[in-house]
Participant: 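One structure, as structure tokens, below. Some questions next.
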Amino acid sequence: MSKHPLLAGLNPQQIAAITADLGPALVLAGPGSGKTSVLTRRIAWLIQEHHVPHHRIMAVTFTNKAAGEMRSRVEKLLDSKLRGLQIGTFHSTCARFLRRDAQILGYRDNWVIYDSDDSQRLIKAIVADLGFDSKENPPRRINNRISAAKNEMILPEGYQALSRFDERVARVYAAYQHELKISNAMDFGDLLLNMALLLKKSDERRKDYQDRFLAVLVDEFQDTNTVQYQLVKLLSAPQQFVFVVGDEDQAIYRFRGADYRNLLRFRKDYPEPAVVLLEQNYRSTQTILDVASAVINNNRSRTPKNLHTSRGKGEPIALHEAADEQYEADFVLEQVRQLRESTDIAYSDIAVIYRTNAQSRAFEEAFIRARLPHVLLSGFGFYQRREIKDLLAYLRLIYNPDDRVSFERVINTPARGIGKKSLGAFSDWVASEDLALSDALDKLYFDEATPLSTAVKGKILPFVNLLATWTEMAQPGGLGDLFQHIVSQTRYDLHLEKTSQHEDEALDRAQNLSEFYGMLMKADDSGQTLHDFLDERTLYTSADSLEEDDDKVRLSTFHSIKGLEFPAVFITGLEQDNLPHRNAIAEGKEGIEEECRLFYVGITRAEDHLFLSYAMQRRPFGGSSINGTSQFLADLPTHLLDGSPLTLAYLRQARAVAAPTHWEPRHPIFERKPKSIASGNQAIRSQFATFKAPQKPTLRVGSRASHKQFGGGLVIGIDPDGDIVSMSFDEHQLKKVFAEDLTPLDG
Ligand code: ATP
Ligand code: MG
């Protein structure tokens, strides 16, 4: 074994991969075999042994959090700070490059990123604008087609319409790209596509990037799609020092156009790559690996692998049958409690995995009631919450007043009496004159002639005034203040109470806002601009925002858990139609094989304790259905399982039976009923107190007042809500300012 400190403790295959000659290299290996670890050390090796300057290396990881971890590992290995080392996801990396270069493609500097929810809203609006029936042309389905086209680098003009539906998709796609451009926005797909277009379009920029990046490394290569593959190819030319690692059995992003065959394509596209196979697993017990192998061995068209570990046999896998999704959640809670009592496992060492986001609700509610710390890694996580999306939309509109989606989200949230009709009149005017949204808002602000009725104008103007004043505030160091003003001037506290079902929910949402305020304060401390802050928020999934020391149980879908490892893992919802999911079953063999890989990825996250569960009955969206157990359970070797004799016997029969076997009584703590919200609820109030702007002073027109920034002046107008005051300042011209920033000077 090598004496080199970077190679200490590694096996010969791992060493071969890390020390491979400069040039294309491919590492193929099963889960837990050290692919990510090897890639990390390869970066350090390039810097130390090949003297590649760290700012000329680019690495791509699957999440931004993984990127952060990789950076700190490399820094630790080399014992130095490596600021210019480019590590990120494909999306964040492209966003970063485009922040500098998007003008070449015709964007203005303050372009924003639309997340999938924003895209969906915009597509919905376009479907309506084009007069298409939204039932026959579901925006979600159209959105999927458009993303798929972008992943394949197909532009609207090149979109092949082979069916009537596709013809409509093509028209929506063209209109959608037009709207995005007017809104000065890119969706997730655009980040990758635009970067690839830029590299193809501008010889100069392509050469710059190619000169800059000597080496390109990609983790989880099996989940790259066409545009990502092209990006790697474009960026790594001409020297082709490209190092990729992957596992065909863990390909789970087919629905996003990922193609594990890129692993094979790599061997053709790059001349004589070094190929290394890793065999030893360092993560899981042999029992866990055996169960994983039994599951994946049913897939055809794969290279059979022998997963072995030096970690020993370990304990059997627990299998549990629950009556319904609530009992299933109770089971998880009970086991979490026991793990905490009988082992030194922390909450953050535990992951609960489910197939669909909808399943997270039962777990969240159970964890909230039992007051156990937990955090969602995916789905309706922090940044997807209504209140956070609302406040983000305010911030985005302030940053980019052309952002149509954000405007439509906040113009009447909280409700300010602007009905569909007024908004319709406004949109018609904007569309008929082909105005940018910001121009339309400016015309209102400066009271220019418009065809809008006085009534419509009167409704929208106060909002426009607020927006203009917030925009002035949006400076580095002032983002926390800005947030306070938005929350208190929109009366978001009242809105939040009104739109919550019960006290727990209102409190939870108020706490989310507190947390968001904390993030803005942090951004202020580090001098971040609004655009730094927004870019990060849109690109980061909630998994990325987790602090290392957050001791919380991780709740996640299979898709968001890949690459991670946990001492204890719960895989839930093992029912036919759920895993495999009914949509996948409808797709046939390919669909089911992808589901099988999902299950495999889930199982192989576990180090020591693995729990599998299914519910006899599940209530998706109000209905209730009785499912059989997942077909994958029939593949499990029963001698490796532990469960009630009935459950195991039932599994041996591997047949769907409507009658449940045995259920535990519910623990009283799960029965706590949600309380309704008393108005003026103290707990909620006190949450808001932490980020509420100061009280407004009493002012009247004609009196004098002093502003903290602009000095003394005369009050010449006050808007009906009393929020915004028009001032004639002694030292400056006329200005509209916030009432709370003024102090009255005379009685
Ligand atoms: P996945 O396919 O799930 O992404 P992976 O192949 O990327 O897995 P890693 O996450 O890099 O695997 O490694 C799995 C675990 O094994 C990590 O905890 C890592 O620190 C450990 N490990 C890797 N190589 C060795 C080694 N030579 N000796 C001891 N532990 C190792
Ligand atoms: Mg990995």
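Because only heavy atoms are used, hydrogens play no part in the values below, and waters and symmetry mates are left out as well, while side chains stay in. Start at 1 and go down the list; that is how both ligands and their atoms are numbered.
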Participant: Give the residue and atom name of whichever protein heavy atom lies nearest to atom 2 (O) of ligand 1, and the separation in Å to one decimal.
Facilitator: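 So the nearest neighbour among protein heavy atoms is Lys35 NZ, 2.6 Å.
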Participant: Side chain or backbone, does Gly9 bring an N or O within less than 3.5 Å of an N or O on ligand 1?
Facilitator: yes
Participant: Is the cationic atom of Arg265 (NZ for Lys, CZ for Arg) positioned less than 6.0 Å from the six-membered ring centroid of Tyr229 and within 45 degrees of its normal?
Facilitator: yes
Participant: Counting only heavy atoms, tell me which of Arg283, Glu565, Arg73 gets closest to atom 15 (C) of ligand 1.
Facilitator: Glu565
Participant: So does Glu272 have more than 12 non-hydrogen atoms from other groups sitting under 6.0 Å from CD?
Facilitator: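 No, not enclosed.
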Participant: Is the contact between Gln14 and ligand 1 made by the side chain, the backbone, both, or neither, using heavy atoms and a 4.0 Å cut-off?
Facilitator: side chain
Participant: Measure from atom 3 (O) of ligand 1 to every heavy atom in Arg41, Arg605, Gln13 and give the option owning the shortest one.
Facilitator: Arg605
Participant: Decide whether the shortest distance between a heavy atom of Leu10 and an atom of ligand 1 is less than 4.0 Å.
Facilitator: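 Distance cut 4.0 Å: Leu10 passes for ligand 1.
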Participant: Have a look at ligand 1 and work out which part of Lys562, if any, has a heavy atom under 4.0 Å from it: side chain, backbone, both or neither.
Facilitator: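 Within the 4.0 Å criterion, Lys562 makes no contact with ligand 1.
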Participant: Please identify which atoms of ligand 1 are closer than 4.0 Å to at least one heavy atom of Gly30.
Facilitator: 6 (O)
Participant: Verify the ring-centre separation between Tyr253 and His559: is it less than 6.0 angstrom?
Facilitator: yes
Participant: If you have a sec, work out which protein heavy atom is nearest atom 31 (C) of ligand 1 and how many Å separate them, to one decimal?
Facilitator: Tyr282 CG, 3.4 Å
Participant: So which heavy atom on Met153 is nearest to which on Gln230, and how close?
Facilitator: SD-CG, 3.6 Å
Participant: Pick from Phe570, Phe611, Phe331: which one makes a ring-ring contact (aromatic ring centres under 6.0 Å, His included) with His320?
Facilitator: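 Exactly one pass, corresponding to Phe331.
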Participant: Got a salt bridge between Glu590 and Arg254, using NZ or NE/NH1/NH2 to carboxylate O under 4.0 Å?
Facilitator: yes
Participant: Name the closest protein heavy atom to atom 19 (C) of ligand 1, giving the residue it belongs to and the distance to 0.1 Å.
Facilitator: Ser37 OG, 3.7 Å
Participant: Specify whether Tyr209 and Phe97 have parallel, tilted or perpendicular ring planes, treating 30° as the upper limit for parallel and 60° as the lower limit for perpendicular.
Facilitator: tilted
Participant: Could you check Arg605 against Glu565 for salt bridge (Lys or Arg N to Asp or Glu O under 4.0 Å), going step by step and ending with a plain yes or no?
Facilitator: CA-CA 5 Å; Arg605 299 309 94 201; Glu565 55 191 16; over 6 Å; no
Participant: I want to know if ligand 1 touches Gly34 in the polar sense, i.e. an N/O pair below 3.5 angstrom.
Facilitator: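 Yes.
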Participant: As an exercise, identify every atom of ligand 1 less than 4.0 angstrom from a heavy atom of Gly563.
Facilitator: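 Numbered from 1, ligand 1 contributes 4 (O).
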Participant: Does Arg355 qualify as a cation-pi partner of Phe558, given the criterion of NZ or CZ under 6.0 Å from the six-membered ring centre and within 45 degrees of its axis?
Facilitator: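 Judged by the rule, Arg355 and Phe558 form no cation-pi pair.
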Participant: Give the residue and atom name of whichever protein heavy atom lies nearest to atom 8 (O) of ligand 1, and the separation in Å to one decimal.
Facilitator: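 In this structure, atom 8 (O) of ligand 1 has Gly32 N, 2.9 Å as its nearest protein heavy atom.
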Participant: N/O/S atom of Thr36 under 2.8 Å from the Mg ion (ligand 2), yes or no?
Facilitator: yes
